[in-house]
Each structure stands twice: as structure tokens, then as C-alpha cells.
*Asks:* 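Supplied in C-alpha cells, the structure appears directly below.
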Amino acid sequence: MAESRQVNDLISIERQGDIALICIDNPPVNATGQQVREGLQKAVEQLNAEGGAKVIAIYAAGRTFVAGADIKEFGKPPQPPALPDVFNIIEDSEIPVTSVMHGTALGGGFELGLATHARIGIEGLRVGLPEINLGLLPGAGGTQRVPRLAGIPMALDMALSGRMVPAQEALEKGLIDRLEAGDPRDVAIAAAQDVLDGKLQTRRTCDLDTPKDDAALEETATMLRKKQPHMFSPHKIVEAVRASYLPRTEGMAIERQAFVDSMDTPQRAGMIHAFFGERAVSGIPEAKGDTRPLDRIGVIGGGTMGSGIATSCLLAGIPVTLVEVAQDGLDRGVATITKNIDGAVSRGKLAADKRDAVLGMLTPTLAMEELARVDLVIEAVFEKMDVKRDIFGKLDGICKQGAVLASNTSYLDINEIAACTSRPQDVLGLHFFSPAHVMRLLEIVQGEKTAADVLATGFALAKKLKKVGVLAQVCDGFIGNRILAHYSKAASYLVLDGASPQQVDDALEGFGFAMGPHKVGDLAGLDIGWMTRKRKADTRDPNERYAGDVADRICENGWFGRKTGKGYYVYEGGAPVPNPEVATIIDTVRTEKGITPREFTDQEIIDRYMTAMISEAARVVEDGTAKRPVDVDMVFLFGYGFPRFRGGPLHYADTIGAAELVERIKTYAKEDPHYWQVPPILEKMAQDGTKFADLN
Ligand code: 3HC
């Protein structure tokens, strides 16, 4: 006789003869919040105490198995029972327990599966230990049970990369016992029956010994000391995995301590801010509501940006019409897109057998009239207002009514562009970041007249392209490039006043940036900034200290960075080495300007650079260019290589505090009162003790 009962709101037990099913139903992702933990513990304890059931099968309702611990609880006082204790109770159950996992089983979700005595995956399942992306490590047995089942290298790989492991691989590695098709509940009943019939073996994972592999542990520990010296949790992961040699109680205690210690770090707070921030940027009313169709997209311009944008759309399954003015440009665009798609195949982002179909969705043409059939056009041509005005005037005559007209401009006035059409309500900015098929940021720029459904369509496109769409208002450079234009001067002033480009880069790489600003400049091409400085030469504020002397002279030599083999660094195959001729240029400029160079510590470099960044970021929030501080943070994480573990410039600002930042600006202002000005919003925050987080 079948009978069902709720253990609590989120956990239920269903009895079918000798079989007991435990169902977790905690939408949207079945996270193991306090009630789930308590319910699971009670369910297993009750079933063991009652007797009757001879096998237990755990499954979850909804779109996915369990996405791990409830991240919203992190940073708050822990509520018992603790997840590892619940899982040990499951592992210790006298009645054998199987689990059936579908969708994604991540972190604590996968650890739940690992604690059961047999695991079935439903086709399409992916398992993973993504805690590292939150500044943490698996804290409910993941570091203890994965090595026992799949060996130390696999445990290190999963816990250090956070990658999602496809079901087939999980099966081959012994992380799951079977892969089946079907509804989780049906599969759970069948699996339980198989246990009863002796067709599915059960065993306690912690009864197994971890196969010894000291070499893998040593090699990884050495690599991490070299490559990630400033990170906390990766080193703890190695320690915890090593502890899986020990009996469960001791190993779990080491893992637990490492988890608790990681929880206390600012890195954990920064990364969790990043996790929720990524989702919060599209949680605004402007991103919601009716949208327009996105069945075919037009891209104008086959250069690096246009080709990257087209690639991104094709990879998302959206057919693209690519327009160029001349055949050679069009051929180059098609070649770049083909190279990008082939790259996606070799990186495992696209299945090889889909390559031709994806490329088949591309229609290259010299006829702009072909854009009559597209739903959305993205113009990605040379950054000149005259050119854009001409294109948008033509689009107005060609595109169907209701088509969305977007410009990928990185700083030009969207309102002026929109005014060249009879339909400014259909125009917006969609600012991609290079390489556009890789970088996840999309600034969605709202013009004065942009219609609500056009803006929402921008967000819908971001979602389809798996990008992080952030709303920005019109200004020179929008959110990211405007802030960049300001703080990059701080790096130049540091060099003028005594630091070397390499010292600045090293200090900021030590802070966590993947590359320092001079290396980034060399990579992007120093000619870009040179052109911008020339463009703005006439309108430059005479009171502002000029920051471009050194870079201008480097460019005058034809050294534009990597692409010319020389810039701030010399590129001759191996690692870049500082360009000795740049040191001479710097000396000359200092002498001409009567600057006596002085020493800067790495900390001073970081403080000045970050304070400059925060100052302009604060102004961007103050004048409404960005809606909230979190929007600025996500722009920097997803578009500018800002270290994720620091959460973004304004999250980082909160860790310093407005009062300290104001103090710093006032001190620096003694040297340069024009550049260093306290943004009123920061002054106010310093007075009333508020944080940027309060404005989100
Ligand atoms: N805790 C709390 N909320 C969570 C959550 C979690 N673990 N995972 C997702 N959510 C929330 C999201 O914030 C989002 O909320 P919103 O609708 O209010 O914005 C909602 O659930 C849906 O999430 P997504 O928009 O991300 O949905 P997707 O379908 O795109 O992705 C997912 C689903 C792949 C499960 C993705 O949400 C994900 O990667 N989640 C995080 C997984 C993770 O990091 N787990 C480890 C947690 S730490 C841990 O387990 C510690 C343990 O070892 C002790």
C-alpha cells in the first residue's frame, strides 16, 4: 500500500511496500537550506527508527536536483543541522540509500549524492563542485568522497576548476553508478527495486580508501603557490583532499575547518557578491516586460568587433546577415567568423558535428537592403559619428517597422545617432567587449527615447547570448570606458612621478588583475588610446595634468604593443620584457617636465589606482549613468578583468570604507587638486557611515 507524508514543507516521504522515496521539493533549485537539511535528517532517522522500509531512494522535484548549500545563508549565523552531519547520517543509515540526480547536482547537492550508497544519473545530468567560484571549498564531504571514488587527480580537478562534469564522464570515473533515462521518481522506484533484487550494489563511500597519489598533491600545491599565491580556498582544497587519506571523522574535521575559515574571508564575500550581482543586473524593471522578436540579426561591419558579435549570435543559434561595403572586407569577416567558430569547436564550446550548421546560418552580403528581413541590427563600424549617422539614416529606409536598431559604439552619443532616424524609440546602444564572442559583458545603453520593449529586447538578447547585460545611460564611454578613461590616468601619473610601468603592472597583478594596465594597453593596441587622445586634444581641459606624454612618444615610434612586437614591453616569443627604450622616454619626459622621480611602494600604487577607479565609479552612480553600484561592479568583473574575488570596484570600496577613501583623495589632492576631487556621494557616505551596498 502506497502512503505519503510530509516531513516538513520541503521534504516528503512516500512508501511503496519495502521502498521509501524521499523527495526534496525546494524550488527553484532545491538548495539545501535549513529546512531541507533538517527534513532530510528527520526523514532518514524516522525511516531507520520505524523499520519497514528496506531501501530508501532520494530524488528531487522540479527542473534540477540540488544546486548545493543555500548561498543566501552564507555570512549569517549557521543554523543546525550542519550539512556534513546530515550527510554522515545518510551514509551511516542501516537501510541502504540510493540517489537519483537530474539536471545539475552541484556542491552540497553532489555531496548529498556522494553520501548515498548508490548513485543514478538521469541523462543530461552534470555534476560539479563549484564552491571555489564562491571563494569556498566543498564543505560537506566532497573533498573526502570524490577522491575515494575517482582518485585524487579527479578530486583536485573538480574542486579547483569548479567545472561541470558531464554524466558520461562521471559514470566513467565511477562518480555515478548508472546513467538512465526517465522521470526521476520512476527511476528512483526502479533503482530501489534493483537494490532489493540485488541488481544494484550499494556501499558506503567512506568505507573505501583513497588511492594514494602524493605526487599529484605536491605538484598541485606547488603550482598553486606559484600561480595563485593571493587566493585562500585553492590551497585549502589541496589540504582537504590530502586529508581524505585519513578516516572519515578526521578527514571531515579538516575539511570543515577549512570551509569555516574560507567562509570568514573577504574573498568569499566578494565572490558571493559576484554570484548574486551577475543575476541582479537583469533583475530590474527595464529588463522585464514585452520584447521584440530576435529571430534574425543583422551585423554591419566585418572587423574584429562585428565578426565577434556575429560569432556570438551564431553560437546562440541566431541566424546572422553580415553586411560589409567591399568584397575583401566581407571575405575577411567571414574568415574571422569561421576561425572563431573553429576555435569554439577546439575549446569544446561547440560540438564538431554542429560546426557546418552553425556557419550555414551566416548570410554574408554587400547589399544593405538585405537587412530588410532582420529583427535587430547591430552596427559595428568605425567609431566616427558621420559614418554612423549615414548608416542609421540608411537603416531607417531599409529596416522593417519595429526592427531594433543598435549601435555598438563604445562612447558616441546614442541620442545623436537615434536622431538620424524617424524612429528614435527603436534605437539603443549594445556595447560589446572584445573579443565579443568570449567576453560576457554587454552594456545596454538607453537613449532618451528608447522604447521600453526595445530596452527589454536588449536584455533578452544578452540572455540568449549568455552575456551579462548591464543598463547604462548615455555619456562619453558609458559605464566602463568612462571609468577606465579616468583611472588609467592614475597609472600614467604614477609612471611620470617615479614608478616604472612594470612596477605598476606587477603591483596590480599582485592585487589580482590578470594583467597590469600597461600589459593590457600593449595587448589592446596603444594606437587606440593615442587616437582617442588626439580626438580629444582640442577639448582637453587646460587645467588637467596631461597623462599621455609617455604613451604618445611610444606610439610616435610606431610601437603599438604586441601587434608591432614592441610597446611598454618587447615581445620576442617568450615572456614579455620591459622595453628599455621606454625607460629612456620616461627619463626624457621627466626631465622636460622638471619631475624628480620618487619611490612608490606597491601598496601606494594599488591605493592610488583603486581610489581613482572608485572615485569615477562613485560619480557614475551619483549621476545615474549606472543604476546601482552592483551594475558598475559587474561591468568590471565581466568586461575589464577585475579580480572576481574582490567583488568589483564598489564592493571593494566598501571594504575600505568611504571615510578612508575621502581621506586618501584629500591627501592626493594636495599634489593635484584637479584630478583628485572627492565625489559628493562619497563625502556624504563618509559622514553618515553608509556603504555602496546600501544603495543596491
Ligand atoms: N543557493 C541559493 N540560491 C540559489 C542557489 C543556491 N545554491 N543556486 C541558485 N540560486 C538562485 C539564483 O540566485 C536564482 O535566484 P533569482 O531567480 O532570485 O535570481 C535562482 O536560484 C535560479 O538560479 P539561476 O538563475 O542561476 O538558474 P539557472 O537555471 O541559470 O542555473 C544553476 C541553475 C546551474 C544551479 C545555477 O543557479 C548555479 O550554478 N547555482 C549555484 C551552484 C553552486 O555554486 N553551488 C554550490 C553552493 S556552495 C555549497 O554547496 C557548499 C557545500 O559544499 C557545503
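The structure displayed is predicted, hence computed values, not measured ones. Numbers for residues simply follow the sequence, beginning at 1. Remember, it's 1-based here, ligands and their atoms both numbered in the order they're listed. All heavy atoms count here, side chains included; hydrogens, waters and symmetry mates do not.
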*Asks:* Can you see whether H431 engages N408 through a side-chain donor-acceptor pair at a distance of less than 3.5 angstrom?
*Replies:* no
*Asks:* Which residue and non-hydrogen atom of the protein lie closest to atom 20 (C) of ligand 1, and at what distance in Å?
*Replies:* P28 CG, 3.7 Å
*Asks:* Examine R242 relative to Y245 and say whether NZ or CZ is less than 6.0 Å from the centre of the six-membered ring and inside a 45° cone about the ring axis.
*Replies:* no
*Asks:* Does any N or O atom in G139 lie less than 3.5 angstrom from one in ligand 1, N or O only?
*Replies:*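 Right, the criterion is met.
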*Asks:* Does the N or O separation between A67 and ligand 1 drop below 3.5 Å for any pair?
*Replies:* yes
*Asks:* Taking both backbone and side-chain atoms of E131, is any N or O found less than 3.5 Å from an N or O belonging to ligand 1?
*Replies:* yes
*Asks:* Output the list of atoms in ligand 1 that are nearer than 4.0 Å to some heavy atom of G68, sorted by atom number.
*Replies:* 50 (O)
*Asks:* Rounded to the nearest 0.5 Å, what separates atom CD1 in I272 from atom CG in L134?
*Replies:* 5.0 Å
*Asks:* For ligand 1, which atoms have a heavy atom of I71 less than 4.0 angstrom away?
*Replies:* 1 (N), 2 (C), 6 (C), 7 (N)
*Asks:* Under a heavy-atom criterion of less than 4.0 Å, does P130 contact ligand 1?
*Replies:* yes
*Asks:* So between R63, R126, E73, K463, whose heavy atom ends up nearest atom 29 (O) of ligand 1?
*Replies:*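 Nearest heavy atom to atom 29 (O) of ligand 1 lies in R63.
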*Asks:* Any non-hydrogen atom of L106 lying under 4.0 Å from ligand 1?
*Replies:*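 Under 4.0 Å: yes for L106.
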*Asks:* Please say whether G108 places an N or O atom under 3.5 Å from an N or O atom belonging to ligand 1.
*Replies:*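 Between G108 and ligand 1, an N or O pair is found under 3.5 Å apart.
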*Asks:* Evaluate F276 for polar contact with ligand 1, using N/O atom pairs at a separation under 3.5 Å.
*Replies:*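 No.
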*Asks:* When you measure from atom 2 (C) of ligand 1 to every protein heavy atom, which one gives the shortest distance, and what is it?
*Replies:* D70 OD1, 3.2 Å
*Asks:* Is the closest side-chain donor-acceptor distance between Q473 and T625 under 3.5 Å?
*Replies:*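 The criterion, which ignores hydrogens and geometry beyond distance, is not satisfied for T625 and Q473.
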*Asks:* Could you tell me whether R145 and E91 have a side-chain N and a carboxylate O separated by less than 4.0 Å?
*Replies:* yes
*Asks:* Please determine whether any non-hydrogen atom of L136 lies less than 4.0 Å from an atom of ligand 1.
*Replies:* no
*Asks:* Which pairs pass ring-ring contact (aromatic ring centres under 6.0 Å, His included) with one or both residues in residues 91-122, sequence neighbours excluded?
*Replies:* none
*Asks:* Is the shortest distance from a Lys or Arg side-chain nitrogen in D375 or R296 to a carboxylate oxygen in the other one below 4.0 Å?
*Replies:*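 Salt bridge between D375 and R296, a charged N being under 4.0 Å from a carboxylate O: no.
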*Asks:* Is the terminal nitrogen or CZ of R268 (NZ for Lys, CZ for Arg) located under 6.0 angstrom from the six-membered ring centre of F232 and within 45° of that ring's axis?
*Replies:*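 Judged by the rule (NZ or CZ under 6.0 Å from the ring centre, within 45° of its axis), R268 is not positioned above F232.
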